[in-house]
Structures are given as structure tokens and as C-alpha cells.
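Worksheet: the structure to be examined is printed underneath.
So that the names make sense, note that chain A is the first sequence line, chain B the second, and so on, each numbered from 1. Below, each value reflects all heavy atoms present in this structure, side chains not excepted, and no hydrogens, waters or symmetry copies. Owing to the predicted nature of the structure, the values given are computational and were not obtained by experimental measurement.
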Amino acid sequence: MNLVEKHDDVIRVRFAPSPTGHLHVGGARTALYNYLYARRQGGVFVLRIEDTDAARSTKESYEGIMRGLRWLGLEWDEGPDVSGDYGPYVQSARSVLYHSEIDRLLREGKAYRCFCTSEELDAMRVEQERKKLPPKYTGTCRCLTPEESEERLARGMPYVVRFRMPVEGDVRFTDVIRGDFSFANAELDDFVLIKSDGRPTYNYAVVVDDAHMRISHVIRGDDHISNTPRQVHLYGALGFKLPRFAHLPMILGSDKTRLSKRHGATSIDAYRDKYYLSEAMVNYLALLGWSYDGKRELFTVKALIEAFSLKKVSSNPAVFDPAKMEWINAEHFKMLPQSRKIELVYEVLEKEGLFPPSFEVDLSRPVDLKLVPGKEPLRVEAIGDAERTYAKEIPRLALIIDALGNRLKLLKDVPDLMGYFYRDDYVRDADAVLNHLMKKESSVRLAALADEYDRLQYFDRASVEEALRALADRLELQSGELIHPCRVALTGKTVSPDIFWVVVLLGKAKTIQRLRAAAALGAEKR
RNA sequence: GGCCCCUUAGUCUAGUGGUUAGGACGCUUGGUUCUCAGCCAAGAAUCAGGGGUUCGACUCCCCUAGGGGCUACCA
């Protein structure tokens, strides 16, 4: 007993999901705060799986949650798949403990067996609702004598174990974030501890486990505030010292209701699949309900650990804002070293079927490479087994990424932003084609430009720009009048990076080919 | 129905009795430019409502409204 007391100084927190679905943003945020608090305080972060609901728990969910946490970088110190002194860390494997503790409660009269059937309970509830009374267990079995109880037990009647709630007085506890709470015991009923299938209920298992795992701080969603008084009673009945509680505000959707599928992506997996950066996800999640000084918003995980404090957690619910999430993501992407960007973009290109490219491009003058401020060595080994294409394509990819610059904010935009560099069947903007290419004059101009480029000996940026501007002069055109149709001809869009970089990175052959194709398009028009 | 939580611009927040109510996303405008993004500059927009307490309330108290949670042999 009082196992916790002598370890008072050790900070131990836990994230305790039930494996009944994917890891969603709310759960991830809870996990993150626990993680940050543990790291900040030099404590221990425990992962415990609460799978007492046999019907809804799945292995896929269990694995998915761990995959999600790992993706976010929230490594736990103790958990189902790592060592720890307080295991097992899956509730379905801890039934012996729950039962030995329940025996104590039963013996001490702090809990009792209830033989009411669910039909009886339902009828009771209907009756209470009809009378507009709060639905509570009426205590039919509360007064069963030990003999009666034993007799029914012997007859094999199914039963649950209920907590014997005091009828008077109240419970108090303090929340680190919200201050003091007091609940009247009369509001609480004799809730179930052990279900008729022998499994513990959430409220019971969570207390037994938090106590036995010596959890010092229970950091969880504020939907658990109403459960806390019950749990406080259990700590007392079991003779355990109370942990500190910190209830986090909920995360809501744009309509201020609980975040759900209809608000768009709510699972962490969805963000990973859309190529969000995990560090950006962590950063944004940290900001939902917590702030440092109201000013600084961009944090690495390391910086978060240093800055995090439960005291600064806000108590009002936060609406998840995808736009801000994107901004944070873009900021983190900007900060990445070029070698990392290359790895990341390469992965997306492969997954989206854009790599290897459908045509080859020779960058005729490697001198151009020096014009690009990508000084970092490329990490060849991260690229995998595509060495042959790699040798030619990665330097080009590096240049493309550089040309794109800040236009590339979200990895999921890679196909849209870079497709035309890798395939001929890139998406063309119909309006752009109509407005810029389906005209006689653009046809003439583009044909002329193609001829100019055909004559070029070196296809580097300076030569390419010079040729275009010279042609514009000769034709007495603004350079834009050449550049815009050229852009649409090469990319299918009205927006792109610096057109001369596009030309160079597309290579001489492909550039001329596309210019001529575009010229043909407008040839018969007027 | 009962109990509980929450309420600063569209959104995330700073703020703890006296501030021009600060920052960020988003939005608008201007500059840079071959487009867009970026960057720079500027701008619109907030204390849910009503009562108190006080010399003075965004800040404290009460009520109302709105949102959320719990009230399960779900967690």
C-alpha cells in the first residue's frame, strides 16, 4: 500500500488510449503534452493501452496508434513493446491485478456484487427518465447481505461489482489547470467496477493502473473531469495517494462542435498520408491549448520541451484550423536543410509515380549548379536503390526544388508544382491554354522562340534569358508577351517558378518540343 | 432533466482592476517582379449579453445566452 508515496519526487505520466480507432488529433495532443511534460521534468512517459472494451478494441487500431505516436516522435519510456517495471502495459493482460484489488474492496465492504440484469437496469432508467429524475443506479443490490450475495454467486448468477458510493458529503480535488473542484457524493451513483464478463470498467482500471504504475500526473482531456470524482473515491478506497490532475481543453471543429470526420482530416495518419511534416504537426498541436508567451509560435520539438509548462495550458476549447496548420508546415519546410527537402520530395515523387521521369533531361552546363545556393552535400544513401536514375536526376531535382523556392510549401503540392518536369501528361489549365496559346500571334512567337533556342549552343540560364529578351526586342514586344505564352506552353499553367529556370531544367530538347507543340496548337487560329 | 466545464477579432492566443487590449494564421491594399509564392509596408476586425462590486472593470461576483462534457456492464 501507499506505493506511490515514497516515489513522490518521480514524475511519471502516461498516455492511455483505447485501441478503438485511429490516433486522432485530440489524442495526439494529449500524448504530446504528456510527452513534453515528462521530458521537461526529466520524468517518465508511459504508454498504456486501455483495451477493456473487448468488442471495440482492434489490433489494427493498437498498431496504428503506436505508429502514429512514433511518426510524431513521441517515444515512450515504458509501454507494451518496451521494457518497464510496472507492466504489462496492456489492460487486458492485467486482470489478475484488477481482481486482487476488487477482492480487497469486496472484503472491506467498499464494493458489492450486483445481480441486476440489464433488462432491470433499463426498466429502471426508463422509469427515472419518465419521472424526470437523474438516472442513477437505485441500489437494489447494495443492501444484499453477504449471505444473499454468496448464495446468488453459488447459483452462478451473473453479476457486476459496484462501488459503494457514500450518500452524503462531497469529494474534492485540485486540477493543475483549472483549480479546485468539489462534487456532491449524492450526484454520483454506485458505478460499475467489474463488468459481468469479468473485465474492469474504464473508471476502475484507470485508477488501479495509474496507482500501480505510480503515475504522478494524470494529464488527459477535460471530458474526464466528470469522471474524476468517482476516481478520487476509488483512490481513497484503495488506499492510494491521489495523483495530480491536469485536464486539457477539447479540440473542436470549425463549427465549435467536437472534432469529427465531417470536419475533414482528424486522424494523424491522414496528415502523414498528405505528406505533412511531423515536426509541424507537433508544433501546431502544441499550440492548440498552450502558448509560450503569446508571441513565439514556431518551435522545434526540442524547443517545446524547454518551453512547455502545464501552467500555460489554457482552459478553453480550441478550434482546429487547417489553414494555420498549413502555415506552420510551410514554415517548418522552409527551415529544412536542402538535403532533407530532396529526400522528402523524392519520396513523394516516387509515391506519386512521377519518378523516375518519363523523359531524360541533360543539364548541359553543370556550371549552373554553382549558381544555386544548395551547398549541402546530397545524402545519396537516403535515396535508396535508384542509383542509376539517381545519378542524373538528383542534382536536377535539387535545382528544381531550389527554383520552386517558397512556392513549395506543402509536400502534397509536389505533383502539381513539379509534374511537368517529370512527365508530358502534366495537368494543363484549360483557361490558360485558351487565353495564351490558342492565338495566331502566340503561335508565331513561340515558333520563333523555339528556333532561337534551337540555335543556342549552351542551355544555361543566362543564355536562355538573353535569347528570349533579344527575341522580344527584335519582335518589339514586352518580354512578358513572350514569357507568358512560353510559361503556359512549358508548364500548362500561368504560374510557375522563374521561367528561365524552368526552361533550363526542362532541357533544350523538351523545351523546344513543347514550344513547337504549343505553336502548332495556335497555328490555325487567328 | 441533473451535475460540471468553457466564453478576448473568422481562428489560435497574450492579458489577472487603470494598456492606444499585444502577437500569429486568415483576409484586404500597396511595393518588389516574367506569373505565382516569398519578402517588405500598411489596413480592417475582438473583450457573448445584462446586472452588480469599485473612483475605475476584459480582468472580481451574480444572472442569462451559446457551445461542450458526464450522467453506460464505452473509454
A/Phe173 and A/Phe183 aromatic ring geometry - parallel, tilted or perpendicular at 30°/60° bounds: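 A/Phe183 and A/Phe173: parallel rings.
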
Whether A/Trp290 and A/Tyr292 hold their rings parallel, tilted or perpendicular, with breakpoints at 30° and 60°: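 A/Trp290 vs A/Tyr292 ring planes: tilted.
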
Can a side chain N or O of [X] be found less than 4.0 Å away from OP1 or OP2 on [N]?
{"X": "A/Arg296", "N": "B/G23", "value": "no"}
{"X": "A/Lys256", "N": "B/A48", "value": "no"}
{"X": "A/Lys409", "N": "B/G38", "value": "yes"}
{"X": "A/Lys295", "N": "B/C25", "value": "no"}
{"X": "A/Thr201", "N": "B/C73", "value": "no"}
{"X": "A/Thr52", "N": "B/A75", "value": "yes"}
{"X": "A/Lys195", "N": "B/A75", "value": "yes"}
{"X": "A/Ser314", "N": "B/U13", "value": "yes"}

Check: A/Asp223 side chain, B/A75 base, donor-acceptor under 3.5 Å: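 Result: no qualifying N/O pair found.
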
Any-strand Watson-Crick or G-U partner of B/C47, both distances under 3.5 Å: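 Base-paired to nothing in any strand shown.
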
Mate of B/C39 where both pairing distances stay under 3.5 Å, Watson-Crick or G-U: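 WC or wobble partner is B/G31.
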
Pairwise 5' ranking along RNA chain B for A/Met325 and A/Lys334, keeping only the more 5' one: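 Nearest nucleotide further toward 5': that of A/Met325.
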
